[in-house]
Amino acid sequence: MGRLFNVVKGIIFMCVYIATTMVIPFLTFTWVKEVQILGVGIVLTQHDYDNIIFWISAFGLLISATAFFNYSSPKQSIRKGTFAMVQIILNCLYIWSYKFSGATEIRFEIVFEIANIGFISINVQNMVMLYMGVYFLTILLKGYDFFDFLLNRKTIREKRYKKEVGGNDLS
Amino acid sequence: MIILAVDFIQIIADIVAAILNFLNPIVSPMGTFMVYWMEYVLQFFPQNDLIVYVSIAIAIVILGLIVNIAWPGNKRPGFLKKVDEVEEKIERKVEELDEKVEAKAKEVEDKVEEKIAEIETKVKKKAKKAQKKAKDLEKKAETLEERVEEIDEKIKKKKKEKIKTEELEEKLDELEEKAEKLEDLAEELEEEAEELEEEAEELEEEAEELEEKAEEMEEEAEEMEEETEELEEETEELEEETEELEEETEELEEKAEKLEKEADTDDVEKELDKTTDKE
């Protein structure tokens with residue numbers, strides 16, 4: 001029950017993270033690449049698109065793998081704390097990777113028939129910075145959890161393996 | 001339509017800008033710090049080579065599988081195992097002690113049961129004897145009860161007799177008292193009778209005397225009768241004289257009244273004389 005349950009839980013969360021960090025952003029950017037408004041095409045440049053997809057795939061894979069490790073680990077264990085912190089850091093890098101990809105300054109070129117009419121540029125760098133600040137606080141929380149698990153390991157384990165009166169010992 | 005879309009984007013941008021401006025002084029320093037170290041770290045991440053990331057991800061997943069299957073976190077740690085061993089030893093000792101206690105308890109129970117059986121047999125024998133005795137005693141009790149009833153009846157009778165005797169005694173006492181009183185009365189009566197006899201004798205004597213006196217009196221009476229006849233004659237004479245005297249007295253009274261009237265006038269004159277003398 002314990003092993004199988006942990007692995008299944010890890011797989012479920014890995015799938016969730018693959019969906020949220022890779023599949024949905026991939027589909028969104030693919031849709032945005034060829035979206036048309038009233039017959040006017042708003043086109044992402046191919047370079048930007050490739051760059052975005054690369055970083056999304058790279059960090060999405062790492063985040064999903066660490067999510068698997070994190071959620072398949074037992075509760076209040078050091079490895080869970082470690083990988084939760086690693087996952088948050090990778091999340092930060094994932095968000096920040098949008099800057100490299102050009103997603104923080106999205107440039108939509110408006111092309112009407114053959115002629116290039118102009119472009120629309122959205123700069124979301126400040127928003128990403130705000131998001132980074134929030135992530136910083138999350139990292140602090142995860143760091144606190146990690147040190148809590150590390151320092152109070154004995155008491156946590158005692159509580160975890162405390163024999164209940166009339167209960168079963170899983171070992 | 002494009003113009004409307006631009007306006008909508010502008011509104012969203014204004015809202016986001018407001019939020020950013022509000023949180024900017026708090027969160028943006030943290031963001032800049034994050035950007036600083038992330039830019040440094042990202043230098044070491046390979047670009048345009050997805051295989052590295054895929055291999056790292058697979059390695060992490062396999063590592064996670066191995067680690068979490070090997071150590072699922074439900075095995076007890078060493079120090080707790082020692083505690084468990086100590087607890088097991090204690091439990092074993094407790095069980096041994098319990099078994100010993102149970103064995104001793106069984107022995108004691110057996111002994112107690114044997115003793116109880118012996119006591120029960122003894123008790124049964126004693127009970128039988130006691131029952132026999134009880135029956136005898138019951139019979140005796142019945143006889144005693146009958147006797148008691150008889151005695152009670154006798155007692156009741158005796159009580160009644162006593163009551164009667166008491167009443168009789170009381171009556172006797174009363175009678176005795178009455179007899180005493182009667183005796184006293186009889187004595188008194190005897191005394192009185194004696195006295196009466198004496199008186200009777202005296203009266204007889206007196207009667208005799210009186211008879212004698214009566215005879216004398218008869219004689220005297222005869223004499224007196226004679227005298228009375230004489231006196232009656234005299235009285236008739238005297239009555240005639242008295243009538244005459246009464247007539248004389250009436251005449252005298254009339255004369256006396258006349259004299260009195262004359263005497264009154266004389267008295268007034270005498271008083272006038274006396275007053276004149278005094279002056």
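By convention in this document, chain letters (A, B, ...) are assigned in the order of the sequence lines, proteins followed by strands, and residues within each chain are numbered from 1.
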B:W37, part contacting chain A, at a heavy-atom distance under 4.5 Å: side chain

A:I11 versus chain B, the contacting section by heavy-atom distance below 4.5 Å: neither

B:I60 vs A:F83 side-chain heavy atoms within contact, under 4.5 Å: yes

Contact leader toward chain B among A:L137, A:L93, A:I139, where contacts are heavy-atom pairs under 4.5 Å: A:L93

Residue B:I51 excluded, over 12 heavy atoms near CD1 under 6.0 Å: no

Which atom of A:S73 lies closest to which atom of B:N68, heavy atoms considered: CA-OD1, 3.3 Å

Evaluation steps, side chain to side chain contact (heavy atoms under 4.5 Å, CB included), between A:L62 and B:Y53: CA-CA 7 Å; A:L62 291 177; B:Y53 296 102; 3.6 Å; yes

From A:Y94, A:F59, A:W55, residue fulfilling ring-ring contact (aromatic ring centres under 6.0 Å, His included) relative to B:F45: A:F59

Best-contacting candidate, B:I56, B:V54, B:V52, B:V67, against chain A by heavy atom pairs under 4.5 angstrom: B:V67

Sub-4.5 Å side-chain heavy-atom contact between A:F68 and B:L63: no

Closest non-hydrogen atom pair, B:P72 against A:P74: O-CG, 3.6 Å

Distance-minimising heavy-atom pair for A:A65 and B:A57: CB-O, 3.4 Å

Part of A:S77 within contact of chain B (heavy atom distance under 4.5 Å): neither

CA sep, side-chain torsions, deciding dist, call: A:F54, B:L50, side chain to side chain contact (heavy atoms under 4.5 Å, CB included): CA-CA 7 Å; A:F54 171 77; B:L50 203 61; 3.9 Å; yes

Side-chain donor/acceptor of A:R3 to backbone N/O of B:I69, under 3.5 Å: yes

